[in-house]
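Below, each value reflects all heavy atoms present in this structure, side chains not excepted, and no hydrogens, waters or symmetry copies. As the structure lists them, so they are numbered: ligands from 1, and atoms in each ligand from 1.
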Amino acid sequence: MRVRTLAVGLLVGGLALTGCGKEGSPGDSGSPPQTQAPAADVNVEGSATFAKMKSRGNVIIGVKEDQPGLGFKDPTTGKYSGFDIEIAKLVAAKLGFDESKIQYKAIPSAGREQAIINGDVDYYVGTYTINDKRKQQISFAGPYFTAGQDLLVKKDDNSITGPETLKGKKVCSVTGSTPIQRVRDQKLTDQITELQNYSQCVTQLDQGQVDAVTTDDAILKGYAAQEPDKFKVVGKTFSKEPYGIGLPKDDKPLRDKVNEILQNALDDGTWQKIYDSTLGKSGATAQKPTLEKY
Ligand code: GLU
């Protein structure tokens, strides 16, 4: 009797899972996979951030909104899309919050650490390079992707072919970012235009006020894909930018949980599906990242 009950239970469970898989599969449309929120009884023992999210009944995620392919807000529909957004949604779903329970907050590069410290966001997913300086203030889960610093120039510009050709050129990047720091540290040029967002830099490039925009290749490829007749990416990366999910510094239980979610997504094909339906659409392949051990 007990065996039969168990068998029926398994069968029902199996059917339910099959159903979820079907509904949640990316389908043939190439749309991002829909992640199924597990039962609302998810708990992350000892996580102050998770307890706050639970009592609030929603999750506040810091993102970018002007980086096509990564974190982008459609100006007409208000909908967010991109690789970072899908990673953010996956984590939320596995923590028990479906899409309707997500509130996105656009935070530029320079405001990320403070937004996490202040508790303005529960976590941050937006081309956020893991490094020791930032780890003094916050903590990271991941990496879930690795990018590299590159250059965006006008399509007909053949004078800029790599970082060593920037001397005397006007280069735009963003406050509080690792690429702008590298331009300064390596003295690549002394004509630096520093703005809040990369889309503002791209506008300046378009108007001829600067000669190049520098940041991660993944970001620049998104802009080039939007206006391929105007811009090109030089394609010679000169750094490693491992992307992490920014979390409050002392919340180890949440970091462990998010790392577990990422590891499972890497192992079960979900990460690949997310990549293929966003950044990978251009045909580029990406190496799967290895999570940092603490
Ligand atoms: N990944 C780099 C950083 O975290 C550049 C991209 C960005 O500013 O978000 O600084």
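Residues Asn259 and Glu292 approach most closely at ND2-O, 4.4 Å, considering heavy atoms. Asp251 approaches Thr49 most closely through the heavy-atom pair OD2-OG1, 2.5 Å.
Look at Lys236 and Glu164 and you find a salt bridge, because one of the NZ, NE, NH1 or NH2 atoms lies within 4.0 Å of a carboxylate O, short of that distance.
Contact residues of ligand 1 (protein heavy atom closer than 4.0 angstrom to a ligand atom; sorted by chain and number): Lys64, Ser109, Arg112, Gly126, Thr127, Tyr128, Thr129, Arg134, Ser177, Thr178, Pro179, Tyr198, Thr215, Asp216, Ile219, Glu241, Tyr243.
For the side-chain hydrogen bond (donor to acceptor under 3.5 Å, both in side chains) criterion with Gln149, the lone passing option out of Thr214, Thr178, Thr129 is Thr214.
With hydrogens and angles ignored, the 3.5 Å screen pairs no side-chain donor or acceptor of Lys170 with any backbone N or O of Asp211. Proximity of a side-chain donor or acceptor of Tyr223 to a complementary backbone N or O of Ser199 within less than 3.5 Å is detected.
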